[in-house]
K.L.:
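Before anything else, here's the structure in question.
Lettering follows sequence order; numbering is per chain, from 1.
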Amino acid sequence: MPRRVAPIPAAPSASTAEELLPLRAKPAPPTSPREITRDEVADVFENIARLLALDGENPFKVRAYQNGARAVEMFAGNLREAVVGEDAPGIPGLGEALALKVKELVTTGRLDFYERLRERLPAGILELFEIPGLGDKKIKALHDQLKVTSVAKLEEALRAGVVAKLPGFGEKTAQNLLAAIERRKEVADLFRLGDVAADALAVHEALRGHPEVIRVSPAGSFLRRKEIVHDLDFVVSTRAPETVGEFFATLPTVRRVEARGPTKVSVRLASGVPCDLRLVADAEYPFALQHFTGSKEHNLAFRQRVLARGWTLNEYRLAADKPDAAPVPKVRDEAGLYGALGFAWIPPELRENAGEWEAAALAEGPGLPRLVELENLRGTFHCHTTASDGRDSLRAMAEAARELGFQYLGIADHSKASFQANGLDAGRLLAQVAEIRALNAELAPDFRLFAGTECDILKDGSLDFPDEILAQLDYVVASVHASFTLPEAEQTRRLVRAMGNPHVTMLGHATGRLLLTRPGYAVDLAAIIEAAAATGTIIELNASPRRLDLDWRWWHRARDAGVRCAINPDAHRTAGFQDLWFGVAAARKGWLRREDVVNCLPLGEVETALGAKRTRSS
DNA sequence: GCCGTTTTCGGCCCGACTGTTTTCAGTCG
């Protein structure tokens with residue numbers, strides 16, 4: 001049933017990053033000299049593992065370094081405090097040898113053992129691990145037999161046809177590798193929203209603090225919250241463009257300056273992300289911000305409407321273009337610019353020329369939706385604990401969720417078919433349910449844990465637990481974790497069958513995609529949405545910035561079909577809750593409102609939504 | 001390299017999938 005869409009106020013509400021980011025910890029201010037980060041230490045261990053494997057080292061030693069990388073990555077405390085000093089507590093999961101290496105990295109910024117290992121092997125060989133389908137054995141074979149030492153050399157060898165002739169390789173393998181190299185080239189200049197958000201915040205924060213900056217905002221695809229961006233854009237208004245440009249070009253996060261002029265400075269950040277700054281006078285600011293926020297398609301449609309009035313618009317001004325044109329109103333901000341043309345201010349997330357113009361027309365339009373905001377979330381589902389592959393205990397997850405102001409948290413650890421994730425069998429699951437019930441007695445009445453599972457959808461669409469077990473849970477997330485390569489019709493039948501089970505409350509990450517890494521499995525999403533609507537199954541919007549699945553492009557349609565959304569962080573540790581920011585961004589981009597998102601419901605109402613499917617089938 | 005109601009050696013995550021193979025190796029989750 002179509003629902004009435006409440007128009008949003010003309011003035012910008014929560015549109016800027018910092019207003020939407022109360023959950024996300026502010027990045028630490030750059031210190032000098034910069035302390036090595038957890039992720040960098042983890043990368044060193046990961047690379048050591050790879051180099052040792054290529055060197056033919058004991059595979060269990062290799063794994064020890066891989067485990068060490070994971071342990072460091074997941075470690076919640078301060079690295080330096082954990083390893084430096086007389087009675088340093090150490091890092092859980094790290095033994096003596098690796099703890100010493102962390103200490104060396106933290107105190108000197110380098111690791112002698114690692115440097116020497118790297119000298120022994122060709123510099124480009126590590127990048128070969130980034131090619132899916134290549135592991136240490138194949139890379140070693142390529143290196144030893146074909147002198148392949150880099151991705152470029154591999155491509156040469158593939159095109160020369162010599163790889164397919166190696167023992168253990170073949171025509172099909174060679175084709176797959178070539179395809180993987182091509183795909184890698186395509187995504188070389190692309191970044192996930194999650195990869196640039198911290199940079200964007202830091203740069204925004206720095207610019208805002210500068211005394212010569214009058215107004216500043218991120219722009220471009222980052223402000224529109226595209227799941228993939230090419231670069232970061234900022235627009236600043238100032239009376240001193242040279243001073244601000246110089247300040248920007250010399251920020252600690254800047255690796256190098258690519259171009260430098262009076263109105264534009266282009267840099268490459270240390271993270272590899274290109275970042276542009278536009279400098280304008282304050283009167284030009286709304287035009288520049290609107291122009292550089294895009295999208296191109298949105299702006300093209302805008303220009304056509306401007307031209308129809310006999311006006312002209314560029315990134316500096318709105319002006320009369322014809323002698324008989326109506327006078328141009330004074331524009332002070334974006335709301336004024338949209339208002340001048342008879343439109344409500346359009347949230348950046350919706351600026352994709354996908355119906356926002358029709359909705360925003362003040363005179364006759366249906367009104368823009370009042371988009372869901374982070375503050376509307378009352379809880380979330382699909383979180384993991386140490387019982388499966390999570391890094392924090394049930395209690396720690398519950399307490400962190402309560403800290404964030406949530407009223408409830410759904411626990412959905414993996415089921416047994418996900419063995420690699422230490423999935424729970426029925427016995428362990430029921431023990432966890434008992435643990436949750438006991439903890440709830442302690443947390444009531446203002447907080448509640450819901451006992452669930454992320455139950456594997458098996459190849460034939462049946463579930464990894466029998467109905468008698470599922471019936472004892474508060475809710476069930478059903479997800480695909482294997483058999484990605486089924487033909488589309490079969491994959492679709494599989495998901496539809498799973499959604500037909502009355503215990504399946506919601507469908508997890510609907511396509512299984514990993515952004516910039518792996519396309520989703522072939523599935524007919526229109527049919528999935530139809531089945532979700534017919535069965536009353538909630539569809540998850542997996543908020544992990546690696547997934548953002550179901551994609552925002554489908555949500556408008558799903559909403560109109562009456563499907564409800566659950567914005568889930570798929571959190572594997574307490575810090576994972578922060579990913580909800582990305583989920584809300586994607587939901588907004590998909591035109592979702594508070595009433596479309598099931599985890600905006602307060603405790604006392606959300607239970608009904610979780611139980612709705614069972615109720616109607618009984 | 002890590003770990004131990006198996007404590008100083010000997011094991012260490014299992015199964016599906018793919019492609020190369022005629023019975024299995026490598027990769028991935």
K.L.:
Kindly compute the distance separating CG (Asn78(A)) from CZ (Arg38(A)), expressed to the nearest 0.5 Å.
P.N.:
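Rounded to the nearest 0.5 Å, the CG-CZ separation comes to 8.5 Å.
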
K.L.:
When the C1' atoms of dG15(B) and dC9(B) are compared, how many Å lie between them, rounded to an integer?
P.N.:
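Here dC9(B) and dG15(B) have their C1' atoms 29 Å from each other.
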
K.L.:
Treating Arg497(A) as the side-chain partner and Asp460(A) as the backbone partner, does any N or O pair qualify as donor plus acceptor under 3.5 Å?
P.N.:
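Checking the backbone N and O of Asp460(A) against the side chain of Arg497(A), a donor-acceptor pair under 3.5 Å is found.
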
K.L.:
With the criterion being N/O to N/O and under 3.5 Å, what pairs connect the protein with nucleotides 1-8 of chain B, and how long is each?
P.N.:
unit_1: dG1(B); atom_1: O6; unit_2: Asn58(A); atom_2: ND2; d: 3.1
unit_1: dC2(B); atom_1: OP1; unit_2: Gly95(A); atom_2: N; d: 2.9
unit_1: dC2(B); atom_1: OP1; unit_2: Gly95(A); atom_2: O; d: 3.4
unit_1: dC2(B); atom_1: OP1; unit_2: Leu98(A); atom_2: N; d: 3.4

K.L.:
Expressed in whole Å, how much space separates the P atoms belonging to dG10(B) and dT18(B)?
P.N.:
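39 Å, rounded to whole Å.
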
K.L.:
Rounding to the closest angstrom, what is the interatomic distance between dA25(B) and dT21(B) at atom C1'?
P.N.:
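The same atom, C1', in both gives a distance of 9 Å.
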
K.L.:
Is it true that Lys101(A) and Glu104(A) make a salt bridge, defined as a side-chain N closer than 4.0 Å to a carboxylate O?
P.N.:
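A salt bridge is absent here (no side-chain N lies under 4.0 Å from a carboxylate O).
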
K.L.:
Say you pick atom P in dT5(B) and the same atom in dG1(B); how far apart are they, in whole Å?
P.N.:
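Result for the P pair: 23 Å, nearest Å.
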
K.L.:
Could you please name the option among dC17(B), dC28(B), dC13(B) that lies closest to any side-chain atom of Ser483(A)?
P.N.:
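So the nucleotide nearest the side chain must be dC17(B).
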
K.L.:
Can you tell me the distance, in whole Å, between the CZ atom of Arg513(A) and the P atom of dG29(B)?
P.N.:
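In whole Å, dG29(B) P and Arg513(A) CZ are 17 Å from each other.
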
K.L.:
For Glu130(A) and dT27(B), give me the distance from atom CD to atom P, rounded to whole Å.
P.N.:
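So the two atoms are 16 Å apart, to the nearest Å.
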
K.L.:
Take the angle between the ring planes of His382(A) and His509(A) and call it parallel below 30°, perpendicular above 60°, tilted in between.
P.N.:
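Tilted, since the angle between the ring planes falls between 30° and 60°.
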
K.L.:
In whole angstrom, give me the gap between the C1' atoms of dC14(B) and dT8(B).
P.N.:
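My reading of the C1' atoms in dC14(B) and dT8(B) gives 28 Å.
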
K.L.:
Using the P atom as the reference point in each nucleotide, state the distance between dT6(B) and dC12(B) in Å, no decimals.
P.N.:
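Those two atoms are separated by 15 Å.
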
K.L.:
Angle between ring planes, Phe113(A) versus Tyr65(A), binned at 30° and 60°: parallel, tilted or perpendicular?
P.N.:
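The rings of Phe113(A) and Tyr65(A) lie parallel, inter-plane angle below 30°.
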
K.L.:
CG of Leu514(A) versus C1' of dT27(B): gap in Å, rounded?
P.N.:
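After rounding, the gap between these two atoms is 15 Å.
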
K.L.:
Does a side-chain N or O from Thr173(A) land closer than 4.0 Å to OP1 or OP2 of dT20(B), or not?
P.N.:
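For dT20(B), OP1/OP2 do have a side-chain N/O of Thr173(A) under 4.0 Å.
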
K.L.:
Roughly how far apart are Glu442(A) CD and Leu449(A) CG, rounded to 0.5 Å?
P.N.:
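The CD atom of Glu442(A) sits 10.0 Å away from the CG atom of Leu449(A).
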
K.L.:
Has Arg518(A) got a side-chain N or O lying under 4.0 Å from the OP1 or OP2 atom of dC28(B)?
P.N.:
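No, because none of the side-chain N or O atoms of Arg518(A) sits under 4.0 Å from OP1 or OP2 of dC28(B).
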
K.L.:
Just one of Asp456(A), Asp464(A), Asp425(A), Asn422(A) clears the side chain to side chain donor-acceptor pair (under 3.5 Å) bar with Lys416(A), so which one?
P.N.:
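Considering Asp456(A), Asp464(A), Asp425(A), Asn422(A), a side chain to side chain donor-acceptor pair (under 3.5 Å) with Lys416(A) is found only for Asp464(A).
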
K.L.:
Could you walk me through whether Asp579(A) and Ser544(A) pass the side-chain hydrogen bond (donor to acceptor under 3.5 Å, both in side chains) test, one step at a time?
P.N.:
CA-CA 6 Å; Asp579(A) 286 346; Ser544(A) 163; 4.7 Å; no

K.L.:
When you measure from every atom of DNA chain B, which of residues 457-465 of chain A have a heavy atom less than 4.0 Å away?
P.N.:
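Per residue number, the list reads Lys459(A).
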
K.L.:
Can you identify which nucleotide, out of dC13(B), dG19(B), dT27(B), has its nearest atom closest to the Lys137(A) side chain?
P.N.:
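Looking only at heavy atoms from C-beta outward on Lys137(A), the closest nucleotide is dT27(B).
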
K.L.:
Any base atoms under 4.0 Å from Asn176(A), or only sugar-phosphate, or nothing? Heavy atoms, all strands.
P.N.:
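Sugar-phosphate, no base atom in range.
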
K.L.:
Just the rounded figure in Å: distance from P of dC13(B) to CG of Asn67(A).
P.N.:
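Value for this atom pair: 8 Å.
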
K.L.:
Rounding to the closest angstrom, what is the interatomic distance between dG4(B) and dC13(B) at atom P?
P.N.:
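My reading of the P atoms in dG4(B) and dC13(B) gives 13 Å.
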
K.L.:
Does a nitrogen or oxygen in the side chain of Ser418(A) sit under 4.0 Å from OP1 or OP2 of dG29(B)?
P.N.:
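Negative; the distance criterion is not met.
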
K.L.:
Starting at atom CD of Gln66(A), determine the distance to atom P of dT27(B), rounded to an integer number of angstrom.
P.N.:
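Distance check: Gln66(A) CD to dT27(B) P gives 12 Å.
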
K.L.:
Can the positive tip of Arg494(A) be found less than 6.0 Å from the middle of the six-membered ring of Tyr521(A), inside 45° of the ring normal?
P.N.:
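The answer is no, since Arg494(A) fails at least one limit relative to Tyr521(A).
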
K.L.:
For Pro59(A), report the nucleic acid contact type (base, sugar-phosphate, nothing); a contact means any heavy atom under 4.0 Å.
P.N.:
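No contact at all - Pro59(A) keeps every heavy atom at 4.0 Å or more from the nucleic acid.
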
K.L.:
Starting at atom CG of Asp389(A), determine the distance to atom P of dC28(B), rounded to an integer number of angstrom.
P.N.:
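These atoms are roughly 18 Å apart.
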
K.L.:
With a cut-off of under 6.0 Å to the ring centre and 45° to the axis, is Arg402(A) in cation-pi contact with Phe406(A)?
P.N.:
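No, Arg402(A) and Phe406(A) do not form such a contact.
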
K.L.:
Reading DNA chain B from 5' onward, which residue's closest nucleotide shows up sooner: Phe129(A) or Thr485(A)?
P.N.:
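Counting from the 5' end, the first nearest nucleotide belongs to Thr485(A).
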
K.L.:
Taking only the P atom of each, what is the distance from dT23(B) to dG29(B) in whole angstrom?
P.N.:
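Between the two P atoms, the distance is 29 Å.
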
K.L.:
From CZ of Arg70(A) over to P of dG29(B), roughly how many Å is that when rounded to an integer?
P.N.:
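The answer, rounded to whole Å, is 13 Å.
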
K.L.:
Does the side chain of Thr537(A) pick up a donor-acceptor pair with the side chain of Lys613(A) at under 3.5 Å?
P.N.:
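There is such a pair between these side chains.
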
K.L.:
Select from Thr517(A) and Gly170(A) the residue whose nearest nucleotide in DNA chain B is closer to the 5' end of that strand.
P.N.:
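On the 5' side of the pair lies Gly170(A).
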
K.L.:
Please state how far atom CZ in Phe484(A) lies from atom P in dG29(B), giving the value in whole angstrom units.
P.N.:
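Result: 7 Å.
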
K.L.:
Return the pairing partner of dA25(B) with a 3.5 Å limit on both distances, Watson-Crick or G-U wobble; otherwise return none.
P.N.:
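Partner of dA25(B): dT18(B).
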
